[in-house]
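Taking it in order: structure first as structure tokens, then the write-up.
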Amino acid sequence: MIFIIDFDGTLSPEDTVDKLLEHHADPLWQELESDWLGGRISALECMREQVALVRADRIALGKFFQDIRLDPHFSAFWQYVREFAGLAVVSDGLDYGIKAALRGAGLSGFPVFANQLDFVAPDRLSLSFPYQNADCRSGNGVCKCAIARQMAVQHGGPIVLIGDGKSDACLAGIADIVFAKSSLIKHCEDQGISHIAFEDFSDVLSIVKTWPLDLPRAAIA
Ligand SMILES: [Mg+2]
Ligand SMILES: [Zn+2]
């Protein structure tokens with residue numbers, strides 16, 4: 001079994017990319033946001049150009065992300081599932097920030113896949129997309145389905161997605177079990193994808209605890 005965990009809106013209740021832009025970017029980032037919403041630029045262009053508008057050095061950025069409040073129930077969830085399952089945080093956000101937030105919360109022992117944030121000057125950032133997949137319909141920077149399939153080869157299935165939004169849509173279509181909150185619930189309803197609604201990781205943990213381990217997924221979905 002492999003758990004694929006979304007970051008912004010899921011493991012972190014707030015969207016850390018939006019919060020970073022609000023606090024540390026030139027206000028021009030909002031124009032890019034409306035260009036993207038209006039279909040004038042792609043999601044990737046939008047994200048890349050917004051990140052280029054951030055003015056923060058390593059120390060400010062590290063501090064910003066280490067102070068992000070994560071779901072307080074995630075740690076208990078991870079301690080429980082690590083005994084029988086793999087877990088990866090797979091996000092269409094910023095790898096540097098996610099890793100700093102996890103360090104800040106004392107969480108470790110699982111891989112993180114996200115878009116790659118690099119410093120190109122002491123206070124200038126650039127974003128690249130090492131997990132992009134041209135064949136993915138999502139248009140995300142990170143193709144979550146490709147990573148989930150890879151992780152399932154390593155850890156065995158079933159694939160369990162825990163997510164909240166647009167970046168989870170591609171994986172929701174192929175995951176064996178979907179835990180959904182926020183707009184991912186609507187997506188699943190529209191697409192006829194069976195899912196379990198949740199609010200936080202205490203909900204997820206109490207359901208996972210009822211699963212008879214090693215039973216085929218049909219028995220639990
Ligand atoms: Mg999300
Ligand atoms: Zn995909």
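Note that the structure is predicted; figures quoted are calculated from it, not measured. Quick note: residue numbers are just sequence positions, from 1. Note that ligands are numbered from 1 as they come in the structure, with each ligand's atoms numbered from 1 the same way.
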Is any side-chain heavy atom of F179 closer than 4.5 Å to a side-chain heavy atom of H195? no
Let me check your reading of the structure: within less than 2.8 Å of the Mg ion (ligand 1), is there an N/O/S atom from D168? no
What's the OD2-the Mg ion (ligand 1)-O angle here (D6, D8), rounded to 10 degrees? 90°
How wide is the angle at the Zn ion (ligand 2) spanned by C145 SG and C143 SG, rounded to 10 degrees? 90°
Which residue is it: L94, V54, D118, V120? I am looking for the one with a side-chain contact (heavy atoms from CB on, under 4.5 Å) to L125. V54
Metal-centred angle, SG of C136 through the Zn ion (ligand 2) to SG of C170, rounded to 10 degrees: 100°
Should R48 and F129 count as side-chain neighbours, where that means a heavy-atom distance under 4.5 Å? yes
Heavy-atom distance under 4.5 Å between the side chains of F201 and T10, does that happen here? yes
Do NZ/NE/NH1/NH2 and the carboxylate oxygens of K144 and D6 come within less than 4.0 Å? yes
Presence of N, O or S from D164 under 2.8 Å of the Mg ion (ligand 1): yes
